[in-house]
**Student:** 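This is the structure I want to talk about, given as structure tokens.
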Amino acid sequence: MTYTGRFAPSPTGLLHIGSLLTALASYADAKAHGGRWLVRMEDLDPPREMAGAADDILRTLEAFGFRWDGEVVYQSRRHPLYQAALGRLKEQGLVYPCYCSRKDWQARAHIGIDGPIYDGQCGRPDYRPSESDLRKTPAWRLRAQDEIIGFDDRIVGHYAHNPARDIGDFVLLRADGFWAYQLAVVADDADQGITHIVRGQDLLVSTPRQIGLQRYLGMPTPHYTHLPLLLNKQHQKWSKQTLAPALDLKQREQLLRQVMAYLNLPPAPETDRPSELLDWAVQHWQIDNVPKTGICTE
Ligand code: GLU
């Protein structure tokens with residue numbers, strides 16, 4: 001099996017120190033295994049996107065010395081792939097249209113491990129949508145199955161939960177016509193032949209949902225590695241919401257050295273070429289040295 005990894009940024013903001021850590025770790029793990037490293041732009045949610053961010057992200061990656069294999073894939077251009085996956089789930093009776101407004105269903109919901117749990121109203125066998133419902137475009141939800149789905153993460157170890165109990169029926173296609181992350185990521189990882197996924201621990205809770213979808217769609221399950229998150233003083237993940245500063249290209253070397261230190265890589269020799277720092281990271285990459293839980297940066 002040839003290793004194929006990927007970095008999959010969402011252009012909802014510019015790259016920050018946390019994204020640099022994910023890019024570097026996914027790149028080093030792929031290249032240390034003699035593998036390919038793909039870049040996929042997860043531009044599925046135009047209302048949340050920032051104009052110009054997708055191009056800025058690619059230019060920033062290049063400035064930090066990253067070279068990806070093949071062409072960049074844009075999720076916004078792959079709707080037929082997601083439609084085909086939804087079609088296969090429809091054939092198996094695993095999805096149903098949901099007419100509930102977010103406000104209504106969330107008012108009825110209790111809280112699970114990743115937010116409110118949908119109560120399954122539109123998926124009940126005796127449920128009949130009203131006339132006015134039928135004039136609306138529905139969302140499509142997957143029936144979460146009552147089963148334990150687990151996997152062995154290369155950093156976190158074993159992780160499992162029961163999607164029906166802990167998550168609930170989740171949306172694959174939104175009522176506004178946009179595809180949900182969970183379906184798109186599974187369809188794309190399979191289509192691109194991704195064998196290894198290296199990403200932040202904020203997505204650990206999504207992985208059993210994705211493994212379930214892979215099984216229903218007859219797709220292979222990749223190896224998973226969930227990286228520790230970089231946290232600010234308040235122990236919050238660095239993100240757009242917590243005002244993570246965009247990467248400053250004038251500080252490329254310092255920033256790369258900083259994330260390499262977080263990943264417990266040995267200090268690299270003097271150089272002013274970022275690609276040499278990446279080569280060093282590849283040569284010294286040891287997944288066992290990566291910290292297991294959140295890293296405070298301040
Ligand atoms: N696009 C997601 C993000 O930026 C990453 C998705 C993934 O790696 O599966 O958080």
Side-chain angles (χ1 to χ4, degrees), residues 5-31 37-45 48-69 72-76 155 181 184-185 188-189 194 196-207 224-265 274-275 277-278 281-282 285 287 290-291 293-298:
R6 53 37 161 213
F7 176 58
S10 303
T12 49
L14 304 179
L15 293 185
H16 53 78
I17 188 90
S19 1
L20 183 63
L21 182 126
T22 304
L24 179 76
S26 60
Y27 177 86
D29 197 57
K31 296 300 160 183
W37 184 74
L38 313 184
V39 171
R40 182 169 72 225
M41 199 54 70
E42 303 216 312
D43 52 351
L44 274 182
D45 193 354
R48 287 189 52 230
E49 277 154 30
M50 171 182 160
D55 287 341
D56 191 282
I57 287 172
L58 297 177
R59 279 198 306 274
T60 303
L61 287 174
E62 281 174 335
F64 276 81
F66 292 100
R67 297 292 174 264
W68 49 87
D69 294 295
V72 174
V73 159
Y74 290 82
Q75 288 190 321
S76 56
I155 290 179
Y181 158 70
V185 81
D188 281 326
D189 285 333
I194 303 298
H196 290 73
I197 293 178
V198 178
R199 62 186 179 192
Q201 284 175 14
D202 52 331
L203 293 168
L204 191 60
V205 73
S206 288
T207 303
Y224 285 99
T225 307
H226 286 90
L227 300 162
L229 300 178
L230 296 186
L231 308 173
N232 65 14
K233 251 197 231 107
Q234 288 79 39
H235 286 247
Q236 297 158 323
K237 176 195 153 179
W238 277 120
S239 68
K240 202 170 98 176
Q241 288 75 30
T242 56
L243 306 178
L247 294 173
D248 178 357
L249 296 191
K250 290 197 287 298
Q251 295 189 30
R252 283 180 308 186
E253 179 176 352
Q254 191 195 327
L255 289 162
L256 276 172
R257 286 182 185 279
Q258 198 179 335
V259 292
M260 287 167 67
Y262 293 147
L263 292 164
N264 284 328
L265 284 155
S275 60
L277 293 175
L278 296 188
V282 172
W285 181 248
I287 193 82
V290 174
T293 55
I295 302 166
C296 285
T297 63
E298 298 183 307

**Student:** Could you check if a side-chain atom of I155 sits within less than 4.5 angstrom of a side-chain atom of Q201, using non-hydrogen atoms only?
**Tutor:** yes

**Student:** As an exercise, state the distance from CD of E253 to CZ of R257, rounded to the nearest 0.5 Å.
**Tutor:** 4.5 Å

**Student:** I need the M260 CE to W285 CH2 distance, nearest 0.5 Å.
**Tutor:** 10.5 Å

**Student:** Counting C-beta onward and ignoring hydrogens, is there a side-chain heavy-atom pair between M50 and I57 closer than 4.5 Å?
**Tutor:** no

**Student:** Which residue pairs satisfy the salt bridge (Lys or Arg N to Asp or Glu O under 4.0 Å) criterion with at least one member in residues 7-28, sequence neighbours excluded?
**Tutor:** none

**Student:** Decide yes or no on side-chain contact (heavy atoms from CB on, under 4.5 Å) for F64 and L277, but give the supporting numbers first.
**Tutor:** CA-CA 9 Å; F64 276 81; L277 293 175; over 6 Å; no

**Student:** Go through the structure and list residues passing ring pair (Phe, Tyr, Trp, His ring centres under 6.0 Å) with Y262, not counting sequence neighbours.
**Tutor:** none

**Student:** Using salt bridge (Lys or Arg N to Asp or Glu O under 4.0 Å) as the criterion, list what pairs up with E49, not counting sequence neighbours.
**Tutor:** none

**Student:** Going by salt bridge (Lys or Arg N to Asp or Glu O under 4.0 Å), name the pairs with one or both residues in residues 5-22, residues two or more places apart or in two chains.
**Tutor:** R6-D189

**Student:** To the nearest 0.5 Å, what is the distance between CG (L61) and CG (L24)?
**Tutor:** 11.0 Å

**Student:** Taking all atoms of both residues into account, what is the closest heavy-atom pair of Q75 and A184, and its distance?
**Tutor:** NE2-CB, 3.7 Å

**Student:** Could you check V185 against E42 for side-chain contact (heavy atoms from CB on, under 4.5 Å), going step by step and ending with a plain yes or no?
**Tutor:** CA-CA 9 Å; V185 81; E42 303 216 312; 3.9 Å; yes

**Student:** For the side-chain contact (heavy atoms from CB on, under 4.5 Å) test, which of T297, V290, L263 pairs with L21?
**Tutor:** L263

**Student:** Does Y181 have any ring pair (Phe, Tyr, Trp, His ring centres under 6.0 Å) partners at least two apart in sequence or in another chain, and if so, which?
**Tutor:** none

**Student:** Do W238 and L229 touch side chain to side chain, with heavy atoms closer than 4.5 Å?
**Tutor:** no

**Student:** Distance-only, no hydrogens or angles: does the T242 side chain make a donor-acceptor pair with backbone N or O of K237 under 3.5 Å?
**Tutor:** yes

**Student:** Roughly how far, to the nearest 0.5 Å, is OG of S206 from OH of Y224?
**Tutor:** 10.0 Å

**Student:** How close do P228 and I295 get, heavy atom to heavy atom, and via which atoms?
**Tutor:** CG-CD1, 3.8 Å

**Student:** If you define the side chain from C-beta out and look only at heavy atoms, does anything of V73 sit under 4.5 Å from R40?
**Tutor:** yes

**Student:** Where is the tightest heavy-atom contact between L231 and G294, given as atom of each residue plus distance?
**Tutor:** CD1-CA, 3.9 Å

**Student:** Which heavy atom of P274 sits nearest to which heavy atom of A63, and what is that distance?
**Tutor:** CG-O, 3.5 Å

**Student:** Pairs under 3.5 angstrom only: tabulate donor-acceptor contacts from the side chains of residues 9-20 to other protein residues two or more places apart or in another chain.
**Tutor:**
from : atom 1 : to  : atom 2 : distance (Å)
H16  : ND1    : G18 : N      : 3.1
S19  : OG     : H16 : N      : 2.8
S19  : OG     : H16 : O      : 3.1

**Student:** Measure the shortest side-chain to side-chain distance between L249 and R59 over non-hydrogen atoms and say whether it is less than 4.5 angstrom.
**Tutor:** no

**Student:** Looking only at heavy atoms, which two atoms of D202 and V205 are closest? And how far apart?
**Tutor:** O-CG1, 4.0 Å

**Student:** Locate the shortest heavy-atom distance separating D69 from L38; write the atom from each residue and the value.
**Tutor:** O-CD2, 3.4 Å

**Student:** For the residue pair F7 and W37, does the interplanar ring angle fall in the parallel (under 30°), tilted (30 to 60°) or perpendicular (over 60°) class?
**Tutor:** parallel

**Student:** Enter the distance from L203:CG to I197:CD1 here, rounded to the nearest 0.5 Å.
**Tutor:** 10.0 Å

